[in-house]
Each structure stands twice: as structure tokens, then as C-alpha cells.
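Report on the structure given below.
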Amino acid sequence: MASQFYQSLTAEKVTDDMLAEAAHLFDENYGIWGPQSHNPGNPVKLSVRRLREQYLLPRTDQSESLYIRVTVDGGLVGNAFACRWMCKSQTVCWITQLVVDQHHRGKGLASGLLRTLRQDSDDMYGIMSSHPAACLAAAKAFGKNIEKVDLDFISKNASEVMSNSPIPYIRDAELCGTIFGADDSNGIVSGVNTNFFVDHTEPLEALAIVEGEWQWPLGKLPDGHEYLLILPAKPRRSRSRSADVHR
Ligand SMILES: CC(C)(COP(=O)(O)OP(=O)(O)OC[C@H]1O[C@@H](n2cnc3c(N)ncnc32)[C@H](O)[C@@H]1OP(=O)(O)O)[C@@H](O)C(=O)NCCC(=O)NCCS
């Protein structure tokens, strides 16, 4: 039987060799550029340097970056990058990248990576992703049925939480979708316009499957956009809550 191993590391523990493996996983498995992009049909790629600079920010008293990886028989088959930051007195945990090897998908690895990330001290989780399976994995790992996602929670917290992010692309993301009172003509309910023109063929195939199985709450996926999901952490008896999260 194959041995599966999840590992969680803070930014300073992540070596360049690990990032080289992560870059290879990303280049081979993330996806291809879409027709409206600068590089249609070619794989979206990331270098070790960009991974370090954009996904593993140096720790401060307000934020911390993390890397979670899963190996099968010693080989890297999936990983997630994440960042925790403080927004008022709340700990926000945001998934900044999530990739699973194409040959290992649909086996719960993305959900497992996100479960490994979860901590009792987290108050909310966030992800921006064009892939419905990433949203399903987040909902599952953080204890919410996708059909029961609280859109009101997203609309009340997104702007403040994201504007406090140390990660520029999250801080600068343009909120869009009907929950933000925006023009609903493109059909998205909760999303961001990132102008990231990755090819949507595979995410849209997944969306068709997911819409057949679930009451999908996040709407359609226009080119250049990503879904936005923000979930409150599951209440735990031992946690004390501040009133700053708008529920
Ligand atoms: C998104 C991604 C990480 C999901 O990885 P994965 O390991 O296959 O996900 P999981 O097996 O944990 O599945 C999570 C849920 O999505 C569902 N799912 C996975 N792939 C699916 C697909 N292609 N179509 C429909 N549903 C799918 C699973 O059934 C599961 O739902 P369930 O919990 O109700 O059973 C993977 O598809 C990927 O790397 N895609 C390319 C990169 C990308 O788009 N990343 C997201 C950007 S942040």
C-alpha cells in the first residue's frame, strides 16, 4: 500500500529544493493560459524565486506564511501555500495556492492538505480560485457543506479582511458578484476580477459536474475571474470569540 505523508512547514523551514519540487508540480499540473491571455495554450509557470517572494513572506508579528505538502511513496503529489494574518483581533487563514498532481486528483488530497492547515486559533478561512474542486475542498476541510456557505458572511467581511492582507494580489483583488451589489450580467455570485486569464476548460467541466450534484452557491465563472470563498471557522467550545467578525 502506498505511504501518504502530510507535512506543514513555516516559511523559514522551506528549502530551495522543496520549492524546486513545488515549482515543477505547479508547472506540470496547474493549468494552461487561456485564449485571452498573453501566452495562450502554454502552461502557467512559476519559478522558485517567485514562489519564495510571493507565497512565503517573511514572518511578522501580524502575519505568517505556511507551506503544506503531501507525498506518496516519497514523491510530491500535492501542495498548498497559505498565509495567516490578523484583521482586527481575528486570525485569517488564506489559501494562496493549491495544486494536486493530475494523476492523484479526486482522492481527497486537496481536502487533506487543507485539513492539515487548520488550527483551533483560526477565525476564518479564505480562498480565491477558478476551480470549483478547490472551493469544495475548502468547504469540506473547514467544516461547511458547500450548499450552506454563508454568502452574507462573505459580503460583510471580504473587503476588510482582504484589504488587511500582506499579499498584494489579495489586497488588490477587485470584488465582484451579486453579493457585492455588482452588475450580475456575468453570472458570478461571489468572486474577484483578477484578470488572470488561465484556461477555464477544466474548471468549467468540473463546474458542470458539481452543479449536477450540488446547489452550487457561487454562480458562473467568467474569464479572468475567480470564485471567492470566505468561511467562518467552526465554533469550538474552548475558543472565545470577539465581536469583530460580522456574522
Ligand atoms: C483543485 C484541485 C487542487 C483539487 O484537488 P483534488 O485532490 O482532486 O481535490 P479533492 O480530491 O480533495 O476533492 C475535493 C472535492 O472536489 C471534488 N472534485 C475534485 N475534482 C473534481 C472534478 N474534476 N470535477 C468535479 N468535482 C471534483 C471531489 O469529489 C471532492 O468533493 P467531495 O468532498 O464532495 O467528494 C486540483 O483539481 C488541481 O490541482 N487543479 C489545478 C490547479 C487549481 O486550479 N488549483 C486551485 C487554485 S487555488
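Heavy atoms only: backbone and side chains are in, while hydrogens, waters and symmetry mates are out. Atoms within each ligand, like the ligands themselves, are counted from 1 in listed order.
- Using modelled atom types, one finds a donor on one side chain and an acceptor on the other under 3.5 Å when comparing E226 with T194.
- Atom 37 (O) of ligand 1 has R105 CD, 3.4 Å as its closest protein atom, hydrogens excluded (heavy atom only).
- Of all heavy-atom pairs spanning A2 and V72, the tightest one is CB-CG1, 3.8 Å.
- Among protein heavy atoms, atom 12 (O) of ligand 1 sits closest to S111 OG, 2.7 Å.
- Nearest protein neighbour of atom 7 (O) of ligand 1, counting heavy atoms only, is A110 N, 3.1 Å.
- Between D152 and K156 a salt bridge is recorded (basic side-chain N to carboxylate O distance below 4.0 Å).
- The structure places SG of C135 at 15.5 Å from NZ of K144, a figure rounded to the nearest 0.5 Å.
- An N or O contact shorter than 3.5 Å links G106 to ligand 1 by distance.
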Next on the checklist: As a quick check of understanding, evaluate side chain to side chain contact (heavy atoms under 4.5 Å, CB included) for M128 and W94, giving each step before the final call.
Outcome noted: CA-CA 9 Å; M128 302 184 323; W94 200 279; 3.6 Å; yes

Item to check | Stepwise side chain to side chain contact (heavy atoms under 4.5 Å, CB included) test for M162 and L228 | outcome: CA-CA 11 Å; M162 292 168 70; L228 172 68; 4.0 Å; yes

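- Protein heavy atom nearest atom 34 (O) of ligand 1, with residue, atom name and distance: W214 CZ2, 3.6 Å.
- Nearest-heavy-atom check against atom 24 (N) of ligand 1 across A206, G212, A208 picks out A206.
- Ligand 1 has no nitrogen or oxygen under 3.5 angstrom from a nitrogen or oxygen of Q97.
- The shortest contact between atom 3 (C) of ligand 1 and any protein heavy atom is with L98 CG, 3.8 Å.
- Within 6.0 Å of the NE2 atom in H38, the count of heavy atoms belonging to other residues, nucleotides or ligands exceeds 12.
- Below 3.5 Å of separation, one finds no N or O of V210 facing any N or O of ligand 1.
- Contact record, P132 with Y227: CG-CE1, 4.4 Å, taken as the closest heavy-atom pair.
- The protein heavy atom nearest to atom 47 (C) of ligand 1 is S129 OG, 3.3 Å.
- For atom 39 (O) of ligand 1, the nearest non-hydrogen atom from the set V70, V44, V100 belongs to V100.
- If you check which protein heavy atom lies closest to atom 18 (N) of ligand 1, you get A133 CB, 3.6 Å.
- Residue K107 has at least one heavy-atom neighbour below 4.0 Å for each of these atoms of ligand 1: 11 (O).
- For atom 43 (C) of ligand 1, a protein heavy-atom neighbour is present inside the 4.0 Å cut-off.
- Using a cutoff of 4.0 Å between basic side-chain nitrogens and carboxylate oxygens, K45 and E28 are not scored as salt-bridged.
- Under a 4.5 Å side-chain heavy-atom cut-off, the cluster of Ile, Leu, Val, Met, Phe, Trp and Tyr residues that includes F196 is completed by L9, V14, M18, L19, L25, F26, Y30, W33, V44, L46, V48, L51, Y55, L56, Y67, L76, F81, V99, V198.
- Closest protein heavy atom to atom 28 (C) of ligand 1: L136 CD1, 4.9 Å.
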